[in-house]
Engineer: 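The following block contains the structure, expressed as structure tokens.
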Amino acid sequence: MADGTKAIVDTSETDGAATEAAPGTSQRDTGSDRGRAAKGSADSVVESTANGSPKDAAKNTPKTAPKGASKGASKPGAKDAPTTPLRPAAAEPADASGSDGPKPPADATAPLSAQEIDAELTAQGARAAERPSRSRGVRRPLPPIEPSEPAPPTSTETLDADTATLPAVLPAPQRHSGDKIGGRYRLEECISESDTFTSWRAVDEKLRRAVGVHLLSAGHRRAKSVLTAARSAALLGDPRFVQVLDAVQEGELVYVVREWLPGARDLGELLADGPLEPYDAYQMVRQVTDAIAAAHQRGQAHLRLTPKCVLRTDGGQYRINGIAVDAALRGLPTEDAELTDVRAIGALLYASLTHRWPYPEDRYDLQGLPKDLGCVPPDQVRAGVHKGLAELAARILCEQPPHHKEPITTPAELAAAIAELPKIRQPEQPAPPVLRTPPAARPRYSPGAPTQAIPAAEPAPAPVAPRPAPRPAPRRRRGLRRVAQWTASLVALSAVTVGSWQLVDYVNNRNKATTDNHTAPAPAPSDSGAAATGEKLAISSVSPFNAFGGTKDEHVSELPNATDGNPTTAWTTQRYNDQFGTAYRPGDGLLVDLGSARAVSSVEVQFLGDTKVELKAAPAGAATAPADDENGFRSLGATIAGGSGSKVTLKPAAPVTTRYLLVWLTNVPTDDGGYRGRIAEIQVNG
């Protein structure tokens with residue numbers, strides 16, 4: 001107060017009730033709260049002594065919690081809860097901010113002055129037992145005595161004394177599409193919403209890329225723990241996790257900015273079509289386990305691994321979203337972090353193999369198991385499940401795994417068990433369909449063409465009038481007659497052939513005259529369809545050029561398809577949710593290296609689907625490839641040619657001399673609800 005005094009209110013009952021209502025208590029926080037409880041008890045004693053005798057003060061001092069309640073809080077259901085062979089799932093506790101604790105008493109004791117408080121503390125110090133010090137005979141008071149009953153635990157959301165004064169109920173910030181956060185992040189779409197926070201897909205207008213943003217009120221109890229978790233996750237630096245880009249408190253708002261993977265699909269989407277193949281399930285559990293085990297070695301934990309947090313990129317790599325941050329946003333406890341994460345991985349593997357959630361409740365669009373079924377290995381739920389993976393999931397989730405196997409309780413143990421599995425081979429991809437060569441067209445003859453022999457059918461023999469039977473002649477006459485018949489046949493055949501040629505010449509001359517009189521001159525072909533002239537230049541290499549995206553190694557294994565001479569194979573971009581040319585990103589493409597500076601007259605590009613494309617060239621003296629970022633893109637200068645269609649010839653106004661060419665896609669076809677570009681062939685002409 002202004003006069004130097006302070007009002008002391010006894011809130012031990014209020015703190016105890018609020019603590020019992022708050023879930024997820026950690027032993028680490030309990031110790032610090034005991035000190036605060038002890039301090040509160042001392043203040044109560046001082047207050048009571050000032051208003052009455054010490055005996056009355058002891059009588060009127062309220063207890064923090066009943067003894068039975070304290071024991072029950074420390075070991076909830078340890079003895080009476082029914083056991084089940086299925087390990088319990090890491091359930092998300094109820095939001096502590098939503099519980100209504102008891103209100104503090106309306107009447108407070110009379111305020112004490114600073115002099116009265118000092119006098120009471122001095123009197124207590126004089127009555128306290130003292131012990132001699134071993135240094136120079138100085139006597140010092142004993143440390144404060146611990147209370148007889150342990151102080152009730154507090155929620156893990158309360159990281160220090162300051163957060164205890166923050167409100168436990170505070171709604172999520174209200175924002176709308178188009179709002180800007182931090183002067184650079186424009187909110188586009190709200191992807192999730194709760195009573196405490198909201199999550200958005202946004203656009204970083206400074207770097208022109210998509211990002212994800214979590215919004216939380218700065219006055220909420222979880223705000224400080226969320227900022228701490230986000231900053232520690234940003235320092236992890238592991239590419240297997242979705243990166244945290246920024247974590248800021250700005251006025252009454254706390255926002256966490258993370259990387260956005262537009263071409264990735266979460267595990268929930270992958271399971272919408274059914275269970276995964278054994279190879280895909282093996283890759284998922286192996287990559288996720290290795291990443292989580294590495295994070296635990298560095299002191300980090302996820303604590304909320306769900307199918308929505310596991311993302312698979314176009315290249316088949318799995319990345320994990322929400323490390324530490326998702327748990328802090330929801331106020332989840334940090335006890336048994338290794339067991340919590342390994343059971344979550346086991347649930348993901350079980351769902352991937354059986355297309356069922358391994359617990360009684362239905363979650364993530366998956367049907368749960370019957371309540372009384374207990375722990376059943378995946379190969380008993382669905383036929384055809386890989387035996388090794390089924391046994392692995394049972395060792396994680398079952399209290400007593402089958403075949404007397406040891407249960408798995410840590411990510412490190414799970415990683416070792418996965419390494420011992422026999423290698424699961426990737427299924428062979430079906431061979432591409434063989435394109436049949438169309439039959440050759442019949443040749444058309446013109447008067448100027450050289451004479452060619454046309455096989456003609458033998459003419460039918462002319463009817464011969466019946467003659468009287470010849471008289472028998474000697475053998476010599478019979479032979480002469482046969483020769484004469486053959487000679488007549490050859491003469492007739494020659495006459496028919498000559499007549500046919502004359503008829504063909506006559507018809508062709510008539511058609512040519514008609515065409516010359518009535519046909520207009522054909523228009524000149526456009527640039528996009530003109531055949532390139534000049535020699536074909538050798539391409540040294542091609543590489544992805546995703547200047548405005550985070551994935552720089554876009555489908556590297558498909559790069560040879562762009563120069564293999566086969567128009568049915570192609571290099572593909574990632575799948576994007578938005579079309580190029582918007583605020584999302586201007587485009588994507590391939591950088592062509594000719595090995596040395598060459599004179600280029602045109603570039604022919606074939607696509608799978610109608611595509612809009614531009615051609616850029618590095619300066620003639622550039623000896624190194626431009627960087628695949630915004631600065632490298634700008635160093636290529638202006639567009640020198642452009643076109644659209646499935647087969648485009650990019651022809652500059654004048655030949656250019658360069659080593660590096662950029663085939664830049666600015667509009668790509670639709671694909672499975674998104675957008676994706678496909679370059680089938682690139683040919684550079686000198």
Engineer: When rounded to the nearest 0.5 angstrom, what distance separates CD in Gln579 from OG1 in Thr666?
Structural biologist: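 So the gap between those two atoms works out to 8.5 Å.
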Engineer: Is Asp314 paired with Arg676 through a side-chain N to carboxylate O contact shorter than 4.0 Å?
Structural biologist: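 Looking at Arg676 and Asp314, the cut-off is met.
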Engineer: Show the nearest heavy-atom pair for residues Asp628 and Lys552, with the distance to one decimal.
Structural biologist: O-NZ, 2.8 Å
Engineer: Around atom CD of Gln283, are there more than 12 heavy atoms of other residues, nucleotides or ligands at under 6.0 Å?
Structural biologist: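 Yes, the 6.0 Å shell around CD holds more than 12 heavy atoms from other groups.
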Engineer: Any side-chain heavy atom of Thr196 sitting closer than 4.5 Å to one from Arg330?
Structural biologist: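 Not touching, per the 4.5 Å side-chain cut-off.
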Engineer: Side chains of Leu665 and Ile679, heavy atoms from C-beta outward: is any pair under 4.5 Å?
Structural biologist: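 When only atoms from C-beta onward are counted, Ile679 and Leu665 do touch, with a gap below 4.5 Å.
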Engineer: So which heavy atom on Ser646 is nearest to which on Asp610, and how close?
Structural biologist: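 Looking at all heavy atoms of both residues, the closest pair is N-OD1, 3.5 Å.
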Engineer: Is the centre of the Trp664 ring less than 6.0 Å from the centre of the Phe633 ring?
Structural biologist: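 Yes, the ring of Trp664 comes within the 6.0 Å limit of the ring of Phe633, centre to centre.
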Engineer: Crowded around Asp362 CG? As in, over 12 foreign heavy atoms under 6.0 Å?
Structural biologist: yes
Engineer: Considering all heavy atoms of both residues, which atom of Thr611 and which atom of Pro669 are nearest to each other, and what is their separation?
Structural biologist: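 Answer, listing the atom of Thr611 first, then Pro669: OG1-CD, 3.7 Å.
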Engineer: Please identify which of these residues, Glu554, Glu558, Arg678, meets the side chain to side chain donor-acceptor pair (under 3.5 Å) condition with Thr572.
Structural biologist: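 Answer after filtering Glu554, Glu558, Arg678: Glu558.
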Engineer: If you compare all heavy atoms of Pro378 against all heavy atoms of Thr354, which two are closest, and at what distance to 0.1 Å?
Structural biologist: CB-CG2, 3.5 Å
Engineer: Would you indicate whether the side-chain heavy atoms of Arg175 and Thr198 approach each other to under 4.5 Å?
Structural biologist: no
Engineer: Quick check: do Trp571 and Val542 have side-chain heavy atoms less than 4.5 Å from each other?
Structural biologist: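 A side-chain contact is absent here, since even the closest heavy-atom pair is not under 4.5 Å.
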Engineer: Establish, from distance only, whether the side-chain atoms of Asn667 and Ser644 form a donor-acceptor pair under 3.5 Å.
Structural biologist: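 Ser644 and Asn667 do not have a side-chain donor-acceptor pair below 3.5 Å.
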Engineer: Restricting to non-hydrogen atoms, name the atom on Asp266 and the atom on Glu269 that form the minimum distance, rounded to 0.1 Å.
Structural biologist: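 Residues Asp266 and Glu269, closest heavy atoms: OD1-N, 2.8 Å.
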Engineer: With a 4.5 Å limit on heavy-atom distance, are the side chains of Thr313 and Thr551 in contact?
Structural biologist: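 When only atoms from C-beta onward are counted, Thr551 and Thr313 do not touch, as no gap falls below 4.5 Å.
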